[in-house]
Number of protein chains: 2
Amino acid sequence: MSDRGKLQQELKKKTPFTSLEQEVVLNLMRTADKVQIRFTRLFRDHDLTPSQYNILRILRGEGKPLPCMEIASRTITEVPGITGLIDRLEQKDLVARQRDGQDRREVHVTITPAGLAKLETLDQPLEELHRQVVGHLSPDELTQLNRLLEKARATLG
Amino acid sequence: MSDRGKLQQELKKKTPFTSLEQEVVLNLMRTADKVQIRFTRLFRDHDLTPSQYNILRILRGEGKPLPCMEIASRTITEVPGITGLIDRLEQKDLVARQRDGQDRREVHVTITPAGLAKLETLDQPLEELHRQVVGHLSPDELTQLNRLLEKARATLG
DNA sequence: TGTTATTGATTGATATGTAAAATAAATGGC
DNA sequence: GCCATTTATTTTACATATCAATCAATAACA
């Protein structure tokens, strides 16, 4: 069965794709969705959501407290959403808030030792999951896929 | 600048990717996210959400009333989420509920003339957006991208 | 200096996705 | 026909995303 046929069957659509462009977009969204489901499951097993993990990872990578604006700028999450995310991470003692800077409007967020420990328990499973998800593609295919995704994204932002 | 460098800069990460697999996954999620944002905006301009549009499109494609279970099976949305979606579409008179079948547990959902009209106003803008989003890739690249995305998704469920 | 504009963060409203449990109707075995 | 099970849907609870509005602190500037 052709590639086109496969996706068509998967979506249970009766009509053929009207364009190659439409097929690519659907394919992209559907694949990303399935990948995300796998990662979401892993995070949930560790009592985290993808957004929460992402913030912890950013804080660890930076190694110092970051204001909410800066966190928002590095995630999909809009600034108002950061507030609630930090609230829930703070309740779990994975991050802490500080108003220490000269600019007292800024709330600096720090990852706690417990937050760092939580991340460490996820490092290996995550690396393993990355391999599980796209490991069946050859290095050439992965490189090619990267190139095409980059090119697709180039005009988008 | 290399592809790896570009994404790295974009995410403001300080450390290089630990693997090609990780890079592909991040690339995939990020690209899908940006594409989705564009479509979400278009739908919002027409007072719809992506999920709402998706349900209308499915109903139009089928051409006859469908039970909630069937709608859920053709979307990302889990069954419980369908209820609220149909609620809001019904409030806008874009769909209607019927309990006409032999199995009176089933709620059949029909698209209304207003719903069909709403979809028609979206057909052209959507086709145009598909081209805008990935139209700068050559047909060869689109075909290649489709193949790689299909292959990536093959092991995912 | 004092008024205004901007910025960082929060809150509130609406929509969605997910999981668990509840409700109601249909089905199968006896 | 009765009862346990299954099925279709809804309800409830929680996390998130988006947008608008608000509040406090700072910056800009006449």
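Numbers restart at 1 for each chain; the letters A, B, ... are given by sequence-line order, proteins then strands.
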*Asks:* May I ask you to say whether B:Asp123 pairs ionically with B:Arg57, meaning some side-chain N is under 4.0 Å from a carboxylate O?
*Replies:* no
*Asks:* Would you grab the first and last nucleotide of DNA chain C (5' to 3') that comes under 4.0 Å of any non-hydrogen atom in chain A?
*Replies:*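 Taking any atom under 4.0 Å from a heavy atom of chain A, the span is C:dT7 to C:dA19.
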*Asks:* If you pin A:Val107 and A:Ile37 to their nearest nucleotides in DNA chain C, which one's is more 5'?
*Replies:*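 The residue mapped nearer the 5' terminus is A:Val107.
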*Asks:* Just how far, in rounded Å, is P of D:dA25 from CZ of A:Arg99?
*Replies:* 8 Å
*Asks:* Who pairs with B:Lys118 by side chain to side chain donor-acceptor pair (under 3.5 Å), at least two apart in sequence or on another chain?
*Replies:*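 For B:Lys118, no residue satisfies side chain to side chain donor-acceptor pair (under 3.5 Å) once neighbours in sequence are set aside.
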*Asks:* Which atom pair, heavy atoms only, marks the closest approach of A:Leu149 to B:Val24?
*Replies:* CD1-O, 4.3 Å
*Asks:* Please confirm whether any donor atom in the side chain of B:Arg105 sits under 3.5 Å from an acceptor in the base of D:dT7, or the reverse.
*Replies:* yes
*Asks:* Below the 4.0 Å mark, does D:dT18 have OP1 or OP2 next to a side-chain nitrogen or oxygen of B:Thr40?
*Replies:* no
*Asks:* Under 4.0 Å, heavy atoms only, any strand: does B:Leu85 hit a base, just the sugar-phosphate, or nothing?
*Replies:*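 B:Leu85: backbone/sugar contact only, no base atoms under 4.0 Å.
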*Asks:* Check whether any side-chain nitrogen or oxygen of A:Arg88 sits under 4.0 Å from OP1 or OP2 of D:dT16, and answer yes or no.
*Replies:*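 Answer is yes, contact under 4.0 Å.
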*Asks:* Classify A:Val79 by what it touches in the nucleic acid, base, sugar-phosphate, or nothing, heavy-atom distance under 4.0 Å.
*Replies:*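 Base contact.
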*Asks:* Calculate the interatomic distance between B:Phe39 atom CZ and D:dA17 atom P; express it in whole Å.
*Replies:* 21 Å
*Asks:* Is there a donor-acceptor contact under 3.5 Å linking the side chains of B:Ser19 and A:Glu127?
*Replies:* no
*Asks:* Atom CG of A:Asp103 to atom C1' of D:dA25: distance rounded to whole Å?
*Replies:* 7 Å
*Asks:* Just checking A:Pro50: base, sugar-phosphate only, or nothing, at a heavy-atom cut-off of under 4.0 Å?
*Replies:* nothing
*Asks:* Check whether any side-chain N or O of A:Thr77 sits under 4.0 Å from OP1 or OP2 of D:dA17, and answer yes or no.
*Replies:* yes
*Asks:* Identify, between A:Gly81 and A:Arg41, the residue whose nearest nucleotide on DNA chain C lies closer to the 5' end.
*Replies:* A:Gly81
*Asks:* Indicate yes or no: does A:Glu150 engage A:Arg147 in a salt bridge with an N to O separation below 4.0 Å.
*Replies:* no
*Asks:* Classify A:Gln102 by what it touches in the nucleic acid, base, sugar-phosphate, or nothing, heavy-atom distance under 4.0 Å.
*Replies:*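 Sugar-phosphate contact only - A:Gln102 comes under 4.0 Å of backbone atoms but never of a base.
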*Asks:* Could you pull out all residues at least two apart from A:Asp33 that satisfy salt bridge (charged side-chain N to carboxylate O under 4.0 Å, His left out)?
*Replies:*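 Listed in chain order: nothing, the list is empty.
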